[in-house]
Colleague: 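Dropping a structure here in structure tokens format, bear with me for questions.
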Amino acid sequence: MEINFYDQIKEIESTEPQLIRNKKENSTFELRPEKRLLADLSGNCGAFFIRSILHQLNVDESYVLKWRLENKYIQYVILNYYAPDCMPSTFPLSTLLNQKDGIQRIRTLFSEGYFLKAALGDASYFTQSWDKTGDFEQIVLLPVCTGQYENYMLQKKIFIRSEFRVHTFSKDIIPGLSYVYHGDNQPHYHQGLNDFLDKILTKIPNSILSGTLIAWDIALTIDNQFCIIEANFTGFHPEYRKGFQTTGYVDDHKYGSIICAWLNIYFEEYFGVHVASIENSLLENYPFYKAFEFYKSILKNEHLSLARNNAKRMEYSVITYLGEDGNQLIINLIKHFLLIDFTSKYHVIVNDLCLEAVFQLFSYTRGKVLLYRESEIFTNQHFDLIKQLNYERRKQLCCQHLLKKIKKGIII
């Protein structure tokens with residue numbers, strides 16, 4: 001069925017944006033395995049967490065996707081309407097096939113640097129399955145879908161220096177949730193990335209953005225231009241992997257619990273809604289939620305403030321106590337911070353016996369992670385006393401003493 005996209009634009013512009021919970025209505029809740037939130041869930045622990053938060057915010061998870069914005073061709077039409085040339089040039093396959101000499105026209109476009117791409121799908125970067133050009137001869141034998149059901153499109157290839165995943169909620173770029181998943185990760189790229197996306201967000205109507213969590217895939221080309229590859233909309237997807245979907249980063253086995261703990265702080269600070277505790281059955285059956293509780297206990301609102309400052313390229317460093325056992329959760333947190341370029345340097349205190357193993361973990365960081373033995377922070381006599389203290393007290397004293405040495409220039 002054909003769809004008049006100008007009618008769709010009119011509908012978007014005449015629709016009132018969602019009303020989400022007022023920030024003043026502070027609401028903490030326990031994360032419980034509620035059947036209605038687990039039903040039709042196309043994701044795992046992280047997706048359930050996001051769905052539960054949005055439910056507390058009174059977000060209608062079908063609201064934005066009634067315009068079929070999970071379809072990448074419709075995304076192109078709508079986003080390019082509001083922000084011309086923000087995405088690579090794109091043609092719907094159905095329109096090309098219905099033209100006279102359509103097959104030849106398509107082959108000409110292939111020779112001009114276009115490739116065939118599915119309009120519905122996910123994780124194509126990680127499965128290396130975004131380019132369907134090699135399947136063209138088989139695809140043209142299938143029934144042709146048009147309009148809001150367009151299933152294939154031709155898109156201009158771009159030459160990419162770096163690819164980023166950036167998360168937004170409403171018109172806010174969420175600080176500390178911008179990743180480079182391919183290519184260079186130079187600090188100055190992030191400022192240009194935020195400036196580019198900010199301009200896009202100001203042009204898109206609130207009816208699309210209000211209450212909407214979006215994971216944007218954005219490319220930096222070899223000529224240093226940013227462009228949108230696609231937007232991954234959170235909500236109830238009606239067709240492909242039907243059910244509630246959100247950014248796959250929240251379900252990542254290594255970083256997902258960190259991201260959810262970070263989002264918990266974000267939604268608390270901006271909207272007064274956050275998970276205060278996890279129901280016991282979830283904690284007992286899913287290590288994800290135990291890790292979430294750990295990260296929730298150490299990630300505080302000041303970390304969010306630091307992330308905002310870093311978006312302005314303000315220089316600062318972080319001191320972390322790793323302890324005796326090579327705490328894997330802390331190691332994952334440091335690696336996560338490295339991915340998002342959270343700070344300029346990381347001062348990590350480790351037990352003497354762990355130094356070599358931890359050094360191997362961070363040998364690729366080119367001096368951003370600086371390691372210190374506990375014993376080098378104190379005098380021998382003082383360290384003999386420190387070793388007898390419990391973990392929390394040792395952590396506190398180690399961090400305090402290292403900070404003093406850094407400030408005095410004894411350790412750089």
Side-chain angles (χ1 to χ4, degrees), residues 21 26-38 41 43-57 167 169 174-177 179 213 234 244 246-307 318-340 342 346 348-350 361 390-396 398-399:
R21 186 183 294 278
N26 189 44
S27 174
T28 64
F29 68 101
E30 182 178 58
L31 191 66
R32 296 173 173 272
E34 297 185 38
K35 289 184 178 179
R36 58 180 171 168
L37 298 179
L38 289 169
L41 182 67
N44 298 309
C45 297
F48 174 63
F49 169 85
I50 296 296
R51 195 180 201 184
S52 300
I53 285 278
L54 295 183
H55 177 71
Q56 292 291 320
L57 291 169
H167 296 83
F169 185 73
I174 302 175
L177 284 187
Y179 303 86
L213 179 65
T234 291
F244 179 86
T246 185
T247 172
Y249 276 51
V250 299
D251 278 326
D252 182 84
H253 75 282
K254 185 183 292 184
Y255 303 122
S257 52
I258 299 173
I259 295 169
C260 288
W262 188 267
L263 284 169
N264 202 46
I265 298 168
Y266 169 80
F267 283 113
E268 177 185 11
E269 181 166 309
Y270 284 81
F271 301 97
V273 171
H274 73 282
V275 171
S277 60
I278 307 288
E279 199 261 353
N280 282 336
S281 68
L282 293 177
L283 285 174
E284 290 170 359
N285 292 299
Y286 300 98
F288 183 99
Y289 294 117
K290 287 185 179 179
F292 168 83
E293 288 276 63
F294 174 80
Y295 292 124
K296 183 166 71 76
S297 71
I298 59 176
L299 289 174
K300 306 294 183 183
N301 284 19
E302 57 263 26
H303 288 83
L304 197 62
S305 298
L306 288 174
V318 167
I319 297 174
T320 300
Y321 179 73
L322 192 55
E324 295 182 358
D325 56 357
N327 188 315
Q328 189 60 51
L329 294 178
I330 293 291
I331 289 170
N332 288 345
L333 181 60
I334 296 169
K335 288 184 175 182
H336 174 264
F337 282 161
L338 286 165
L339 280 176
I340 62 173
F342 182 74
Y346 306 83
V348 181
I349 306 165
V350 299
L361 289 172
N390 63 32
Y391 177 89
E392 286 301 323
R393 185 59 179 150
R394 284 174 69 172
K395 172 183 174 181
Q396 182 183 29
C398 283
C399 292

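Because the structure is predicted, anything quoted here is derived from the model rather than measured.
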Colleague: May I ask you to check whether Y321 and Y391 place their ring centres under 6.0 Å from each other?
Modeller: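 Here the rings of Y321 and Y391 have centres that are less than 6.0 Å from each other.
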
Colleague: Are N332 and Q328 linked by a side-chain donor-acceptor pair shorter than 3.5 Å?
Modeller: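 Q328 and N332 do have a side-chain donor-acceptor pair below 3.5 Å.
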
Colleague: Between K290 and E293, is there a side-chain N and carboxylate O pair less than 4.0 Å apart?
Modeller: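 No salt bridge links K290 with E293.
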
Colleague: Keeping the roles fixed (side chain from H167, backbone from L177), state whether a donor-acceptor pair exists under 3.5 Å.
Modeller: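 Judged by distance alone, yes, a pair lies under 3.5 Å.
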
Colleague: Please confirm whether the ring centroid of F48 lies under 6.0 Å from the ring centroid of F244.
Modeller: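 F48 vs F244: aromatic centres not under 6.0 Å.
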
Colleague: Can you tell which of W262, Y346, Y179 makes a ring pair (Phe, Tyr, Trp, His ring centres under 6.0 Å) with H336?
Modeller: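 Going through the options one by one, the only one that passes is Y179.
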
Colleague: Show, in sequence, the C-alpha distance, side-chain angles and deciding distance for L37 and H55, and conclude whether the side-chain contact (heavy atoms from CB on, under 4.5 Å) test is met.
Modeller: CA-CA 9 Å; L37 298 179; H55 177 71; 4.1 Å; yes

Colleague: I265 and L299: which non-hydrogen atoms are nearest, and at how many Å?
Modeller: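 So the minimum-distance heavy-atom pair works out to CD1-O, 3.1 Å.
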
Colleague: What closest approach, in Å, do R51 and R36 show between heavy atoms, and which atom pair accounts for it?
Modeller: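 Looks like NH1-O, 4.0 Å.
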
Colleague: Would a distance-only check, ignoring hydrogens and angles, find a side-chain to backbone donor-acceptor pair under 3.5 Å from N44 to G46?
Modeller: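 Here the side-chain-to-backbone pair does not exist.
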
Colleague: Would you check if the side chain of T234 reaches a backbone N or O of L213 as a donor-acceptor pair within less than 3.5 Å?
Modeller: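 Flag set: sc T234 to bb L213 pair under 3.5 Å.
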
Colleague: Counting N and O atoms only, with roles assigned by atom type, does the side chain of N264 sit under 3.5 Å from a partner on the main chain of C260, one being a donor and the other an acceptor?
Modeller: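 No, N264 side chain to C260 backbone: no donor-acceptor pair under 3.5 Å.
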
Colleague: Ion pair present between E30 and R32, side-chain N to carboxylate O less than 4.0 angstrom?
Modeller: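 Judged by the 4.0 Å cut-off on N to carboxylate O distance, E30 and R32 do form a salt bridge.
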
Colleague: Is it the case that atom OH in Y286 sees more than 12 heavy atoms from other parts of the structure closer than 6.0 Å?
Modeller: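 No, not enclosed.
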
Colleague: Heavy-atom distance under 4.5 Å between the side chains of L333 and T320, does that happen here?
Modeller: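 Counting from C-beta outward, L333 and T320 never come under 4.5 Å.
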
Colleague: Can a donor-acceptor pair be found, under 3.5 Å and without considering hydrogens, that links the side chain of K296 to the backbone of A276?
Modeller: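 Flag set: sc K296 to bb A276 pair under 3.5 Å.
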
Colleague: Under a 3.5 Å distance rule, please check whether D251 uses its side chain to pair with a backbone N or O of G43 as donor and acceptor.
Modeller: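 Side chain of D251 to backbone of G43: no pair is present.
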
Colleague: Ring centres under 6.0 Å, that's the criterion: do Y270 and Y266 meet it?
Modeller: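 Judged by ring-centre distance (under 6.0 Å), Y270 and Y266 do meet the cut-off.
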
Colleague: Would you please indicate yes or no on a ring centroid separation below 6.0 angstrom for F49 and F292?
Modeller: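 So the answer is yes for these two rings.
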
